[in-house]
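Structure record follows, encoded as structure tokens.
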Amino acid sequence: MGWFLVNMTARLAGVGPATRYARSGQVHVAHQVLGSGPPDLVLVPGFVSHVEAAWDWPYLARFLHRLASFGRLVLFDKRGTGLSDPMKRPPTLAERVDDIRAVMDAVGIERAHLFGVSEGGALSIAFAAQYPHRVESLILYGSYPRKVATTDYPWGVSRQTVAQFLDRFDEAWASGAWWDIVNPDLPLDPDTQRWWARYLRVGASPSMARDLMLMNAQIDVRSLLSEIHSPTLVLHRGDDRWVEVGNGRYLASHIVGAKFVELPGADHRPWVENADAVLDQVQAAVCGTLRRPRHSNSSLGLHALSRREHEIVLLAVAGQSTPDIARHLFLSERTIETHLRNAYTKLDVSSKLELTRRASELGI
């Protein structure tokens, strides 16, 4: 069975891989392993994560299954987030770097490719500087060497923006508006925002998340870039609205031999928007050549929809809401949402908004 069918089976059953715990000092670090290697790929997450809730978000689950289709994927929650131990104080950069080491040791991995997303990219850089013999390659997506702008580093966010965000932090955390709350002119996709809001809430408490935000504002690994000698790929969406693309260009220009690939798009989260463009680059870097999973196309597209899914998609594109469709078909709203999530995955769209926008292109 291809990776897509495994994805669907795991997601519909509501389960992902078994969660295990590594020890970093006295701290328990939750992690999961999926697929088989070599190669081994360690996903170093961004701001917050939750290794079990990740499988409830269809497009994040699809993203993770694709990563596991070309190697052994290791994912984990940094201390203070998800299922890892909570912290009474913000963890240091060194402590979070040791979370990576602890997880690799627990899984029995001596060398791995590190895929650092956003803040996870800075942690991956720090790990590679400290443990160069354990890094096969670095893949940095939407990342930065320094979070806050200075006179000699204009690509970070301003302290004024950070302060403005913190003033509205509780609202951003509860609603899922997140960083877009300080960019009110940007349109928000309600479906993605709803999934994101839940993921944030289970990923960390508001107080812990605020502390982590303040800690992230202190990140500066620029002095480590010259110490990185692992093969490095830097990926960044050109219109990323959370982390300006200049951050990615800086990383690539200051790491010896690094390759920079600017991808189209504006969403910071790699599993939203055109996820395959990110995944293709990661797979090519890890495997040396791009190899699509077998049979991946057979379960994608309009022809892959069941009759019920097709019926619900037509009603959704026609503008009916989930409650409207449920009443029309005499089904529960939960059932309608499940069918829509299945259809989104098969049609490779991330939301009802994108489904409606691309209806003609998809042949609906």
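Everything quoted here is computed from the prediction, not taken from an experiment. For the numbers below, each heavy atom of this structure counts, side chains included, while hydrogens, waters and symmetry mates do not.
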### Query
If you measure from the Lys or Arg side-chain nitrogens to the Asp or Glu carboxylate oxygens, is any gap between Asp211 and Lys88 under 4.0 Å?
no
### Query
Can you find a pair of side-chain heavy atoms, one from Trp55 and one from His65, that are under 4.5 Å apart?
yes
### Task
Indicate, with yes or no, if Val234 and Val261 share a hydrophobic cluster defined by side-chain heavy-atom contacts under 4.5 Å among Ile, Leu, Val, Met, Phe, Trp and Tyr.
yes
#### Entry: From OH (Tyr141) to CG (Leu279), nearest 0.5 Å
10.5 Å
#### Entry: Sub-4.5 Å side-chain heavy-atom contact between Asp99 and Val103
no
### Query
Between Arg134 and Asp105, is there a side-chain N and carboxylate O pair less than 4.0 Å apart?
yes
### Query
Do NZ/NE/NH1/NH2 and the carboxylate oxygens of Arg23 and Asp85 come within less than 4.0 Å?
no
### pair Glu337-Thr322: side-chain heavy atoms closer than 4.5 Å
yes
### Summary
Pro39 and Phe70 have their tightest heavy-atom pair at CG-O, 3.4 Å
### Message
Do Leu251 and Ile125 make a side-chain contact, defined as non-hydrogen atoms from C-beta onward lying under 4.5 Å apart?
### Response
yes
### Task
Flag yes if more than 12 heavy atoms outside Arg222 fall under 6.0 Å of its CZ atom; otherwise flag no.
yes
## Note on the structure
Residue set satisfying salt bridge (Lys or Arg N to Asp or Glu O under 4.0 Å) with Glu136, at least two apart, ordered chain then number -> Arg111
### Task
Only pairs at least two apart or in different chains count here, so list each ring-ring contact (aromatic ring centres under 6.0 Å, His included) that has a residue in residues 82-130.
Phe127-Tyr131
### Message
Taking atom CD as the centre, does Gln160 end up with more than 12 heavy-atom neighbours from other residues, nucleotides or ligands that are less than 6.0 angstrom away?
### Response
no
### Task
Let me know which of Thr232, Ile100, Leu114 forms a side-chain contact (heavy atoms from CB on, under 4.5 Å) with Val135.
Leu114
### Over all atoms of both residues, closest heavy-atom pair of Arg308 and His339
CG-NE2, 3.5 Å
### Task
Say whether Val48 and Val202 are linked into one hydrophobic cluster, either directly or through other cluster members, by side-chain heavy-atom distances under 4.5 angstrom.
no
### Message
Within this structure, what is the CG-CG distance for the pair Leu305 and Asn342, rounded to the nearest 0.5 Å?
### Response
9.5 Å
### Task
Identify the heavy atoms of Glu262 and Gly238 that sit nearest to each other, and give their distance.
OE2-CA, 3.5 Å
### Message
Less than 4.5 Å apart, side chain to side chain, heavy atoms only: is that true for Pro90 and Met213?
### Response
no
### Message
Is there a path of hydrophobic side-chain contacts, each under 4.5 Å between heavy atoms of I/L/V/M/F/W/Y residues, joining Val256 to Ile228?
### Response
no
### Message
Are Trp242 and Val157 packed together at the side-chain level, in the sense that at least one heavy-atom pair is separated by less than 4.5 angstrom?
### Response
no
#### Entry: Ile255 vs Leu140 side-chain heavy atoms within contact, under 4.5 Å
yes
### Reference residue Ser118; test side-chain contact (heavy atoms from CB on, under 4.5 Å); the match among His268, Lys147, Arg269
His268
### Query
Which of parallel (below 30°), tilted (30 to 60°) and perpendicular (above 60°) describes Trp196 and Trp57?
tilted
### Task
Rounded to the nearest 0.5 Å, what's the gap from NE2 on His236 to CZ on Phe260? Could you check?
7.0 Å
#### Entry: Met215 with Val44, same ILVMFWY side-chain cluster at under 4.5 Å
no
### Message
Side chains of Met208 and Thr81, heavy atoms from C-beta outward: is any pair under 4.5 Å?
### Response
no
## Note on the structure
CE of Met87 to OG1 of Thr92, rounded to nearest 0.5 Å, is 8.0 Å
### Task
Check step by step if salt bridge (charged side-chain N to carboxylate O under 4.0 Å, His left out) holds for Asp56 and Arg341.
CA-CA 10 Å; Asp56 295 333; Arg341 289 198 299 271; over 6 Å; no
### Query
How far does NZ of Lys78 sit from CZ of Arg96, to the nearest 0.5 angstrom?
4.5 Å
### Query
Residues in salt bridge (Lys or Arg N to Asp or Glu O under 4.0 Å) with Arg237, at least two apart?
none
### Query
For Leu93, which of Leu123, Asn216, Asp220 qualifies under side-chain contact (heavy atoms from CB on, under 4.5 Å)?
Leu123
### Query
To the nearest 0.5 Å, what is the distance between NE2 (His50) and OG (Ser84)?
9.5 Å
